[in-house]
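Beneath this line is the structure, given in structure tokens, with notes to follow.
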Amino acid sequence: MSEHISTRHCIVCQKIIRGRSDKKFCNDNCRNQFNNAHKPSSNSCVKGINQALFRNRNILESLLPPSTPAIKQSREKLLEKGFQFRYFTHQLSNTSGKGYVFCYDFGYQVVGEDDCIIIRQDTNEQPAII
Ligand SMILES: [Zn+2]
């Protein structure tokens, strides 16, 4: 009996694959390309965090009127809107040493037990990075 030989094509570039019949890719390039495009776990993790950061930023923006440089809001209010305190992009401190936590261009400082002061990042005066 002769062995049945099926023609196999690279699932990335459709080139005919030579060699072992269990190969899915014609070369390492195609393998890498495929693997990079199909990383469901790490991709969805990155997407989820990006969404959380964007949502945090939009919540801060929605609570700070455009003409107001800073406003006090309760932590409760932020949480109510879905703010996730564990996600932020960077931290800065101003000249008096007070630390702000930022989600992109909007930041907050926790004051007391239950309040936050929300600010937008001052692009003219860059505070020192912690
Ligand atoms: Zn290929």
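Each ligand, and each atom within it, is numbered from 1 in the order the structure gives. Only a predicted model underlies this, so the values are computations on that prediction, with no experimental measurement involved.
Protein contacts to the Zn ion (ligand 1) involving N, O or S atoms at a distance below 2.8 Å are C10 SG, C13 SG, C26 SG, C30 SG.
No donor-acceptor pair under 3.5 Å is formed between the side chain of N56 and the backbone N or O of F88. A donor-acceptor pair is defined here as one N or O able to donate and one able to accept, closer than 3.5 Å; such a pair exists between the side chain of R8 and the backbone of K23.
Applying the ring pair (Phe, Tyr, Trp, His ring centres under 6.0 Å) test to every pair with at least one member in residues 51-83, sequence neighbours left out, gives these pairs: F54-Y104, F83-F85, F83-Y108. The salt bridge (Lys or Arg N to Asp or Glu O under 4.0 Å) analysis of residues 59-79, with sequence neighbours excluded, yields the pairs R57-E61.
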Below 3.5 Å, can you tabulate the donor-acceptor pairs from side chains in residues 25-37 to any protein atom, sequence neighbours excluded?
unit_1 : atom_1 : unit_2 : atom_2 : d
N27    : OD1    : N29    : N      : 3.1
N27    : OD1    : C30    : N      : 2.9
N32    : ND2    : D28    : O      : 3.4
N35    : ND2    : R31    : O      : 3.4
N36    : ND2    : N32    : O      : 3.3

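Side-chain contact between L60 and L78 is present, with at least one heavy-atom pair separated by less than 4.5 Å.
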